[in-house]
Novice: 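First the structure, then my questions, so here it is.
Every chain is numbered from 1, with letters handed out A, B, ... down the list of sequences. Bear in mind the structure is a predicted one, so any value in this text is a computation, not a measurement.
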Amino acid sequence: MSESPISDRSEIVTRFAPSPTGFLHIGGARTALFNWLYARGRGGKMLLRIEDTDRERSTDEAIAAIVDGMRWLGLDWDGEAISQFARADRHREVVEELLAAGKAYRCYASREELAEMREKARAEGRAPRYDGRWRDRDPAEAPEGVAPAIRLKAPSEGETVVDDKVQGRVTWQNKDLDDLILLRSDGTPTYMLAVVVDDHDMGVTHIIRGDDHLTNAARQTQIYQAMGWPVPVMAHIPLIHGADGAKLSKRHGALGVEAYREMGYLPDALRNYLARLGWSHGDDEVMSTEQMLDWFDFDGIGKAAARFDFAKLENLNGLYTRQTPDDQLTAAFLKSLPHLPGGSAFLGALDETGNARITAAMDGLKERAKTLVELLESAKFLIEKRPLDLDAKAAKILDDKGRQTLADLLPALTACTDWQVPALESVVRDFAERTDRKLGAVAQPLRAALTGRGTSPGIFDVLAVLGREESLGRIADQTG
RNA sequence: GCCCCCUUCGUCUAGCGGUCUAGGACGCCGCCCUCUCACGGCGGAAACAGGGGUUCGAGUCCCCUAGGGGGCGCCA
């Protein structure tokens, strides 16, 4: 284990350390993103550590979900993911050192005693905490047959300071912090100990995590100091809240990133949104990955919690959708189908013709879609089989008058030999003019017949994409 | 209860003592464009939590209050 002081290391090392008890939720994804941006933007390393010491709740499925989520978001890490549980021996080794140095001690207090202490402290208006009764007691007084927990002998006077890159200089009075447990009475390391030892051993130089860990930072600092290890740079970023300002819960957006995938968001758009949530670079809203890497710094991180706003995410996603070149978007769309509701059925119905139509129609489709789900919805007419089902709006447009218009138009379209947008457009416009109709009075029934909907891409594009045979057939279906 | 943190338009935010009659983005409302829906263009309503200081001058610094958040486990 290298113990070079942080100041000697030129390379920045960050880490993302999720506990595998569920999916990668959106807050975790942002934490991972910030770590990634900071490290990658500075040519440093980003590590992944799985905090799986809670054997009851940790699952392999959760690890897979976290890894999938990160990959989908385009966040990579260096080396293999590290299991915290697997490092328990090393954690115990450190506790031995602490014990030998008189920086830790065995505590034989029972759970009942601890509960009493907490109650008493609370009644006296103090923080509920351990009273240190075994701190200086002679080990000879240890009760028979009781396995002790090992506690850190933390300083009881003075203060502990965390010089946080986001929160600023935060100070605690040591009297308000009790002697935390390092090793449970069953010999397993606690989270507080494991995190410090792992971050140190992994050479982590910058800890970027949610500000729910701010208090932990103080206690962990005490462990670093007891070991004489350099304390990494800390940056505690504000949490993400739901639209109502309360902590993110399932009914808000505390969904796994795979849920956002299923809602049809593009990873690049989500990344941009997440980066911009709680962090800013002047007035810049839309930024490329390169720009984010270049610009990201602690300076731009706000101190207040940010609310998750789906409307803004959706807007940004629409922007990215429109911005993506047709071929790339088509590829992304096809790839995402298995993850979209109804996407598998669509995929199953796809044939060569359908594929070609999607590619041809993408330019008009993407202009109107804010998500891939909307894109899927609006692409359905391309592969539907005749005769089409009409939605309510289309049915209303295709009343007697509408169908008559189509019947009148059909010969002119049938006579069109050049089935391309310019020619089709002039045929339809000429027809409208000749029959003294407004273009809309022709276009709408046409749209309804061709797509079964009241809305679609430009009608001339639809005609061209569908092709002569299919278009004339769909029109004929409605003129019966 | 105790400790810590936070507070600019509805939301994300710019602002790092004077250039702020507070800027941008999303959303919202009008108008324009228009074959539908979008896109786009133009315009509009909309905020410095409250109170004390400091200062020639405060959204920017300090204190208090209120409100919000986080933490107080032999969980992570």
Novice: Given B:rG40, is OP1 or OP2 found less than 4.0 Å from the side-chain N or O atoms of A:Arg322?
Specialist: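 Yes, because at least one side-chain N or O of A:Arg322 sits under 4.0 Å from OP1 or OP2 of B:rG40.
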Novice: Describe the nucleic acid contact of A:Ser378 in one word from base, sugar-phosphate, nothing, applying a heavy-atom distance below 4.0 Å.
Specialist: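 The answer is nothing, as A:Ser378 stays clear of every strand by at least 4.0 Å.
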Novice: Would you tell me if any nitrogen or oxygen in the side chain of A:Asn315 comes within less than 4.0 Å of OP1 or OP2 on B:rG27?
Specialist: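 Answer yes for this pair, as a side-chain N or O of A:Asn315 is under 4.0 Å from OP1 or OP2.
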Novice: Under 3.5 Å, which N/O atoms of the protein pair with N/O atoms of nucleotides 3-14 of chain B?
Specialist:
residue: B:rC5; atom: O2'; partner: A:Gln167; partner atom: OE1; Å: 3.1
residue: B:rC6; atom: OP1; partner: A:Lys303; partner atom: NZ; Å: 2.4
residue: B:rC12; atom: OP1; partner: A:Arg307; partner atom: N; Å: 3.0
residue: B:rC12; atom: O2'; partner: A:Arg276; partner atom: O; Å: 3.2
residue: B:rC12; atom: O2'; partner: A:Arg276; partner atom: NH1; Å: 3.4
residue: B:rC12; atom: O2; partner: A:Lys312; partner atom: NZ; Å: 3.3
residue: B:rU13; atom: OP1; partner: A:Gly278; partner atom: N; Å: 2.6
residue: B:rU13; atom: O3'; partner: A:Ser280; partner atom: OG; Å: 3.0
residue: B:rU13; atom: O2'; partner: A:Arg276; partner atom: NH2; Å: 3.2
residue: B:rA14; atom: OP1; partner: A:Ser280; partner atom: OG; Å: 2.8

Novice: I'd like to know if A:Arg437 pairs up with A:Asp408 as an ion pair, taking the criterion as any Lys NZ or Arg NE/NH1/NH2 lying under 4.0 Å from an Asp or Glu carboxylate oxygen.
Specialist: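 Answer for the salt bridge query: yes.
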Novice: Report the distance from atom CZ of A:Arg209 to atom C1' of B:rG71, rounded to the nearest whole Å.
Specialist: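 A:Arg209 atom CZ is separated from B:rG71 atom C1' by 13 Å.
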Novice: Across the strands shown, which category fits A:Asn216 at heavy-atom distances under 4.0 angstrom: base, sugar-phosphate, nothing?
Specialist: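 It contacts base atoms.
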Novice: Using a heavy-atom cut-off of 4.0 Å across all strands, would you classify A:Leu446 as base, sugar-phosphate, or nothing?
Specialist: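 The answer is nothing, as A:Leu446 stays clear of every strand by at least 4.0 Å.
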Novice: Between A:Arg118 and B:rC72, is there a side-chain N or O to OP1/OP2 distance below 4.0 Å?
Specialist: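 For B:rC72, neither OP1 nor OP2 has a side-chain N or O of A:Arg118 closer than 4.0 Å.
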Novice: CG of A:Leu450 versus C1' of B:rC35: gap in Å, rounded?
Specialist: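 Rounded to the whole Å, the gap is 12 Å.
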Novice: If you go through the side-chain atoms of A:Arg368, does one of them form a donor-acceptor pair with the base of B:rC37 closer than 3.5 Å?
Specialist: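 By the distance-only test, yes, there is a pair.
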Novice: Looking at A:Ser185 and B:rC74, is any side-chain donor or acceptor paired with a base atom of the opposite kind under 3.5 Å?
Specialist: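 Result: at least one qualifying N/O pair found.
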Novice: May I ask you to say what A:Pro238 touches in the nucleic acid, namely base, sugar-phosphate or nothing, with a heavy-atom cut-off under 4.0 Å?
Specialist: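 Result for A:Pro238 = nothing.
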Novice: Heavy atoms under 4.0 Å, any strand shown: does A:Glu51 hit a base, just sugar-phosphate, or nothing?
Specialist: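 Touches sugar-phosphate only.
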Novice: Can you tell me if A:Arg437 touches the phosphate of B:rC35, counting only side-chain N or O atoms and a distance under 4.0 Å to OP1 or OP2?
Specialist: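 For B:rC35, neither OP1 nor OP2 has a side-chain N or O of A:Arg437 closer than 4.0 Å.
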Novice: Base, sugar-phosphate, or nothing for A:Ala109, non-hydrogen atoms under 4.0 angstrom?
Specialist: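 It contacts base atoms.
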Novice: Please report the distance, rounded to the nearest Å, between CG in A:Leu182 and C1' in B:rG73.
Specialist: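 Result: 14 Å.
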Novice: With a 4.0 Å cut-off on heavy atoms, is A:Lys370 in touch with a base, just the backbone sugar-phosphate, or nothing at all?
Specialist: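 Touches nothing.
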